[in-house]
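Only one structure is covered here, and it is reproduced in the block below.
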There are 2 protein chains.
Amino acid sequence: MCSGCYSIAHRNQALHNLRAQYQGMTKAAAVSKTKKTTGTASGRRKLVDIRKDNSEQILRVAEQVFSERGFKGTTISAIADAAELPKANILYYFKSKEGLYKAVLVDLLQGWMHHMDDMTADQHPREALRNYIVSKIRQSKEHPNASRIFAAEVLHGAPFLREQLEGPLKEQFERTCGVIRSWVAKRWMDPVSPEHLMFMLWSSTQSYADFEVQSSILLSRDALEEADYNEGVELITRVVLKGCGVSLV
Amino acid sequence: MCSGCYSIAHRNQALHNLRAQYQGMTKAAAVSKTKKTTGTASGRRKLVDIRKDNSEQILRVAEQVFSERGFKGTTISAIADAAELPKANILYYFKSKEGLYKAVLVDLLQGWMHHMDDMTADQHPREALRNYIVSKIRQSKEHPNASRIFAAEVLHGAPFLREQLEGPLKEQFERTCGVIRSWVAKRWMDPVSPEHLMFMLWSSTQSYADFEVQSSILLSRDALEEADYNEGVELITRVVLKGCGVSLV
DNA sequence: TCATCTATTGACCATTTGGTCAGAAGGTGG
DNA sequence: CCACCTTCTGACCAAATGGTCAATAGATGA
């Protein structure tokens, strides 16, 4: 299984280049940005730092606002206000609203696909599935906005993400399905459909981010709490492992 | 368990009244609309029919457009074009874009909550859960747009649906959790968290509507096919029943 | 038929919003 | 210190859009 082409480092580089194309930056800046110059200068700030800091600040704020209001519902002014920068400055760093949105998408897709390759054929599904569920729920808890933007994007036909889904994600998906199939072949689990099992894992774990509002209302909370996520992990792990006939030794 | 107040008939009436308040209609029309006058007159169309037909036409089209583009992304013009009516006419029937959206929401919430009360304490979870999963997946297949609008609404904090979630849905949810708890008490299934089991059922079945684009790409299809939904039912039913320790006799 | 109510619609408007631009301010390297 | 980048920003603008309105056409019921 050639997974070399999908090493984190390699993927990061690809995503970085992709992102650069959505940002408005000079060639010099595009180059210097790859240097890891994270100095928090106090007096005279370096141009390199200014660009880095502001870009990241804008991306952070944009993720928040996009997740709350969706692409169309988000105004550049809203992002500008939240980032405490003038609107024109946002458009100086990112050529357009669409460019900013795509940059946010590319950033978060990285996190979204991150844990799938942790499942390998040599692991026992007991640990592999458990770890995957834990990772996904943790991500729902710690990066709910990323999950929500992703969900909204897919919900509306993935106009900006189609390519990514058809390429990298699909390949990773098929690799992971292969892993599951190998577990089945080894009689480590029942012969279930790997594809639909993945759908079930994704949806049930992501719902703790995407539908948090609904869940917390139904559980009579202001927001989901640590214990709720743990119960989610517990329930999903139990049902999936036992339901797939994975020995719980 | 007093479920009388939640009979379909009663709930329909409540939803009908709620919907009337979002529409622009005269008192006379509001009354006459309750009469079931579905005549497809050929010569001189009755006012009652005109209003009914146009309202329903607009709601149907609006559901489609809202699901594709979201609330903010939808323009009244787009709905007007799709419904082949002038924009001003849409606003004659529904006072505002928000009013139309709420009317669509109220309509679809009905379908969304519909099947939960089919699970009762006297049934065995084997049949009850299986039927519920079948119903939910069928709904994902036959009314994907309703599901997507609902998902997008919750995703963005349920600004228009909060009340409905806190009221009717929550009560129904708690009733259903009670049913599951009674199954556990009878040793018909393992002691799992009813709340989180419901979350799992909802998310895994709804994903066949909400994430259809993603699923179909990953399955190398243009769109999900009959067989895919069936495999989904099969996988979810199997995993949930076995995973909850429900005897499959 | 006629007075009255309802339905239809083109023209219009105020606001919002994504995006541009010129010029000022600040950093860089020699 | 200077010539040259890069960054910053207020002022603008054109297009899109939700919503209004007055006038016309059609339906109703006595």
Side-chain angles (χ1 to χ4, degrees), chain A residues 22-33 35 37 39 41-58 62 65-66 69-102, chain B residues 22-33 35 37 39 41-58 62 65-66 69-102:
Chain A
Y22 298 132
Q23 289 185 270
M25 52 170 67
T26 60
K27 276 194 186 127
V31 170
S32 63
K33 199 167 174 316
K35 296 188 247 168
T37 45
S42 50
R44 206 195 209 195
R45 290 175 74 202
K46 288 194 197 159
L47 282 184
V48 172
D49 294 332
I50 291 177
R51 177 164 281 273
K52 184 169 190 289
D53 292 348
N54 283 345
S55 291
E56 287 177 358
Q57 159 86 340
I58 293 170
V65 180
F66 277 129
R69 314 197 196 178
F71 175 69
K72 276 281 186 177
T74 296
T75 66
I76 302 181
S77 298
I79 296 174
D81 290 348
E84 294 183 295
L85 290 170
K87 189 180 76 164
N89 208 356
I90 308 284
L91 285 163
Y92 169 69
Y93 281 99
F94 297 87
K95 290 187 168 85
S96 66
K97 179 180 164 185
E98 189 175 314
L100 175 53
Y101 180 68
K102 284 182 179 173
Chain B
Y22 297 131
Q23 289 184 271
M25 51 168 68
T26 59
K27 279 199 183 122
V31 169
S32 60
K33 198 165 176 315
K35 294 191 247 169
T37 45
S42 50
R44 202 195 212 196
R45 288 175 76 202
K46 285 194 200 162
L47 282 183
V48 173
D49 294 331
I50 291 176
R51 176 163 281 273
K52 183 170 189 291
D53 293 348
N54 283 347
S55 291
E56 287 176 359
Q57 159 86 341
I58 293 170
V65 180
F66 277 129
R69 314 198 197 179
F71 175 69
K72 277 280 186 179
T74 296
T75 66
I76 302 182
S77 299
I79 296 174
D81 290 347
E84 296 183 294
L85 289 171
K87 189 180 75 164
N89 208 354
I90 307 284
L91 285 163
Y92 169 70
Y93 281 99
F94 297 87
K95 289 187 168 86
S96 67
K97 180 180 164 184
E98 188 175 314
L100 174 54
Y101 179 68
K102 284 183 179 173

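Letters A, B, ... mirror the listed sequences (proteins, then strands); counts begin at 1. Everything quoted here is computed from the prediction, not taken from an experiment.
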Measure from the side-chain heavy atoms of [X] and tell me the nearest of [options].
X       : options              : answer
B:Tyr92 : C:dA7, C:dT20, D:dT9 : C:dA7
B:Tyr93 : D:dC8, C:dG19, C:dT8 : C:dT8
B:Ser96 : D:dG19, C:dT9, D:dC8 : D:dG19

Whole angstrom is fine here: how far is it from [atom1] in [X] over to [atom2] in [N]?
X        : N      : atom1 : atom2 : value
A:Asn89  : D:dT6  : CG    : C1'   : 12 Å
A:Ile90  : D:dG10 : CD1   : P     : 13 Å
B:Asp81  : C:dT9  : CG    : C1'   : 14 Å
B:Ile79  : C:dT9  : CD1   : C1'   : 18 Å
A:Lys87  : D:dA11 : NZ    : C1'   : 11 Å
B:Asp53  : D:dA27 : CG    : P     : 13 Å
A:Tyr101 : C:dG19 : OH    : P     : 15 Å
A:Ile76  : C:dG18 : CD1   : C1'   : 5 Å

Compare every heavy atom of [Y] with every heavy atom of [X], then report the nearest pair and how far apart it is.
X       : Y       : answer
B:Lys72 : A:Gly73 : CG-CA, 3.6 Å
B:Ser77 : B:Lys87 : OG-CD, 3.6 Å
A:Ser96 : A:Leu91 : CA-CD2, 3.9 Å

D:dT7 phosphate, OP1 or OP2: any side-chain N/O from A:Arg51 under 4.0 angstrom?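 So the side chain of A:Arg51 is within the cut-off, an N or O lying under 4.0 Å from OP1 or OP2 of D:dT7.
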Base, sugar-phosphate, or nothing for A:Leu91, non-hydrogen atoms under 4.0 angstrom?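 If one applies the 4.0 Å heavy-atom cut-off, A:Leu91 turns out to touch a base.
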A:Asn54 or B:Ile50: which one's nearest nucleotide on DNA chain D is closer to the 5' end?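 The residue whose closest nucleotide sits nearer the 5' end is A:Asn54.
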Go nucleotide by nucleotide along DNA chain C from the 5' end; which of B:Ala88 and B:Lys72 gets its closest nucleotide reached first?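 This one resolves to B:Ala88.
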With distance as the sole criterion, do the side chain of B:Lys97 and the base of D:dG19 form a donor-acceptor contact below 3.5 Å?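 A donor-acceptor contact between them is absent.
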Under 3.5 Å donor-acceptor pair, A:Lys95 side-chain atoms to C:dG19 base atoms: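 No.
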Name all residues meeting the side-chain contact (heavy atoms from CB on, under 4.5 Å) criterion together with B:Asn89; count only those two or more places apart in sequence or in a different chain, and write none if there are none.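 Once residues adjacent in sequence are excluded, the partners of B:Asn89 under the side-chain contact (heavy atoms from CB on, under 4.5 Å) criterion are B:Leu85, B:Pro86, B:Tyr92, B:Tyr93.
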Report yes or no: is the cationic atom of B:Lys97 (NZ for Lys, CZ for Arg) under 6.0 Å from the centre of the six-membered ring of B:Phe66, at an angle within 45° of the ring normal?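 No, B:Lys97 does not sit over the ring of B:Phe66.
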